[in-house]
Amino acid sequence: MLALAATPAPLPAVTAARLAGGADPAGLLRPDSPDPGAVAARLEAIGAGLLLPADPGWPLAATPPDPPCAWLFVAGRVPEGPSASVAVVGGRGASPLRRAAARALGAGLAAAGWSVVSGGAVGVDAAAHGGALDGGGRTVVVLGCGLDVAYPRANAGLFARVLAAGGSVVSEHPPGVPPRPAHFLPRNRLIAALAAAVVVVEAAEDSGSLSTAKAAGGRGSGRVLVVPGAPWDAGAAGCNALIRDGATLVRGLADILEELGATAAPVPGSSAAADGPAGTPASARTGAQARRVLAVLVDGGVLGAPRLAAMTGLEPATLAAALLELELAGLVRRSAAGVQAVALPAAVGPESAEPAGSAEGA
């Protein structure tokens, strides 16, 4: 199986389907199949291993993807599987607001004890992985290339952080395989199979995130949850279509946790705790701009956007992103009258406010 898994092939799922049909693995080897000893040495050199369905901890036993998966190359911890994981997905060119939403949801889910699964791309994927790390939890990166191929190169540091924090980087492709367009749809069905639910944060009309949602919805146990958008927002066209077709609308972290069930056990070693309304995690962390907004809302009063901008020194776009992050984390409530804090992390107080004339706000 080492030699077969490392045999150059456009789509590993094709080989997996043949194996599922009863084919002899030895009969599928080709003249260019590598020596298994060389494959094992290469995996050891990059700190990875090959996981097979018969191995303890195989994460896809309860939710096999379609087409099937015959192996996983894994760096780091073996993924927990769907009972402890939620996928957060979206586009590479997502807006700052959508990326802020992904980061906030990733942090909240991680702090609530869930492992966050995504595809390692720039944009929403990277924000979700980063949020999970910020929330003190673990995250799973599913690649469409070999584990030793830094793609995208800009996220190489992120992948290192994932592994250092006890997370996982997985792929069906052997070391050295470059990313190809044909790899990503199969990659998306694997993301869905590794998660109890798929949260779509951003999806244009033809977004690859829709294929991940479709793969989740095609399983009896799969759940699809979606952050909505304005009708004129092209980046939300796919999101709104999913909601129209029956996906669960996400107003904040509480909606996701409610859909998953309040009795879900936290992942061992995570910082799961809740002391705010609607299961707001006590350890949820926020960005610097969000903390600045919370600092001026500490007395519970209602403030309008112009007043908040004046008090924090934040530009309108930055303020909007910070408010969305706080709202999705369940820390503030917005109404026609303005914005009001409904929960505050213990570390946030009046002393953390920065003057409007500071370098960041100038």
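From a predicted model like this one, the values you see are computed outputs, not experimental measurements.
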Out of curiosity, E315 CD to L319 CG, how far, rounded to the nearest 0.5 Å?
-> 10.0 Å
Just wondering, more than 12 heavy atoms not from R251 lying within 6.0 Å of its CZ?
-> no
Say whether, by atom type as modelled, one donor and one acceptor occur between the side chain of R98 and the main chain of V227 under 3.5 angstrom.
-> yes
Could you grab the distance from atom CZ of R307 to atom OG1 of T312, nearest 0.5 Å is fine?
-> 10.5 Å
Any chance you could lay out the side chain to side chain contact (heavy atoms under 4.5 Å, CB included) test for R244 and C239, step after step, and finish with the verdict?
-> CA-CA 9 Å; R244 178 199 61 199; C239 293; over 6 Å; no
Is there a path from L163 to L50 through hydrophobic residues (I, L, V, M, F, W, Y) whose side chains come within less than 4.5 Å of each other?
-> yes
Under the criterion side chain to side chain contact (heavy atoms under 4.5 Å, CB included), which of L109, V88, V117, V162 is the partner of T139?
-> V162
Flag side-chain contact, heavy atom, 4.5 Å: Q340 against L297 | no
Do the side chain of E172 and the main chain of A13 share a donor and acceptor less than 3.5 angstrom apart?
-> no
Looking at A112 and L257, what are the two nearest heavy atoms and their distance?
-> CB-CD2, 4.0 Å
Gap between atom CZ of F184 and atom OG1 of T212 - 0.5 Å precision | 12.0 Å
In plain terms, say whether R189 and D66 are close enough for a salt bridge, that is, a side-chain N and a carboxylate O under 4.0 Å apart.
-> no
Would you check, one step at a time, whether the test side chain to side chain contact (heavy atoms under 4.5 Å, CB included) holds for W58 with L51?
-> CA-CA 7 Å; W58 176 252; L51 189 68; 3.8 Å; yes
Do other residues, nucleotides or ligands put more than 12 heavy atoms under 6.0 Å from the CZ atom of R153?
-> no
Side chain to side chain contact (heavy atoms under 4.5 Å, CB included) between R138 and V116: does it pass, once the steps are laid out?
-> CA-CA 7 Å; R138 292 194 289 267; V116 176; over 6 Å; no
Does S171 use its side chain to pair, donor to acceptor, with the backbone of F73 at less than 3.5 Å?
-> no
Report the distance from atom CD of E205 to atom CG of L210, rounding to the nearest 0.5 Å.
-> 9.0 Å
Can you check whether L249 reaches P228 side chain to side chain, under 4.5 Å on heavy atoms?
-> yes
Start with the C-alpha gap between L328 and L253, add the side-chain angles, then the distance that decides, and say whether side chain to side chain contact (heavy atoms under 4.5 Å, CB included) holds.
-> CA-CA 6 Å; L328 287 170; L253 177 64; over 6 Å; no
Which value, rounded to the nearest 0.5 Å, describes the distance between E258 atom CD and L260 atom CG?
-> 10.0 Å
Rounded distance [0.5 Å steps], CH2 in W114 versus CD1 in I256 | 11.0 Å
Looking only at heavy atoms, the pair that brings L324 and A101 closest together is CD2-CB, 4.0 Å
Is there a donor-acceptor contact under 3.5 Å from the side chain of D134 to the main chain of A107?
-> no
Side chains of H129 and V141: does their closest heavy-atom pair fall under 4.5 Å?
-> yes
Quick one: does P79's side chain get under 4.5 Å of V170's, heavy atoms only?
-> yes
Check the hydrophobic clustering (I, L, V, M, F, W, Y; side-chain heavy atoms under 4.5 Å; chains of links allowed) and say if L158 and V149 are grouped together.
-> no
Check whether any side-chain heavy atom of L4 lies under 4.5 Å from a side-chain heavy atom of P36, and answer yes or no.
-> no
Considering only NZ, NE, NH1 and NH2 on the basic side and carboxylate oxygens on the acidic side, decide whether E202 and R92 come within less than 4.0 Å.
-> no
Do you know the tightest heavy-atom contact between L323 and V332?
-> O-CG2, 4.1 Å
Please check if the side chain of H173 supplies one atom and the backbone of C145 the other of a donor-acceptor pair under 3.5 Å.
-> no
Might you point out which heavy atoms bring G120 and F159 nearest each other, and give the distance in Å?
-> O-CZ, 3.5 Å
S85 side chain to G81 main-chain N or O, any donor-acceptor pair under 3.5 Å?
-> yes
With no hydrogens and no angle check, is any side-chain donor or acceptor of N155 less than 3.5 Å from a backbone partner on A126?
-> no
Shortest non-hydrogen pair, L143 vs G119, comes out as CD2-O, 4.4 Å
Determine whether D32 and P8 make a side-chain contact, defined as any pair of heavy atoms from C-beta on separated by less than 4.5 Å.
-> yes
Look only at the side chain of N240 and the backbone of A237, and say whether a donor-acceptor pair between them is shorter than 3.5 Å.
-> no
Are any of the side-chain heavy atoms of V339 and E327 separated by less than 4.5 Å?
-> no
Check whether any side-chain heavy atom of L72 sits under 4.5 Å from a side-chain heavy atom of L190, and report yes or no.
-> yes
Could you note down all residue pairs passing side chain to side chain donor-acceptor pair (under 3.5 Å) where residues 4-22 supplies at least one of them, sequence neighbours left out?
-> T7-S33
Is it true that L185 and L11 fall in one hydrophobic cluster, defined by side-chain heavy atoms closer than 4.5 Å?
-> no
Establish whether L60 and V14 are linked, either directly or via other cluster members, by ILVMFWY side-chain heavy-atom contacts under 4.5 Å.
-> no
Of all heavy-atom pairs between A127 and A102, which one has the smallest distance, and what is that distance?
-> CB-CB, 3.9 Å
Examine V39 and L19 and state if one hydrophobic cluster contains both, with Ile, Leu, Val, Met, Phe, Trp and Tyr joined whenever side-chain heavy atoms are less than 4.5 Å apart.
-> yes
Can you sort out the partners of S211 under side chain to side chain donor-acceptor pair (under 3.5 Å), two or more places apart, ordered by chain and number?
-> N188
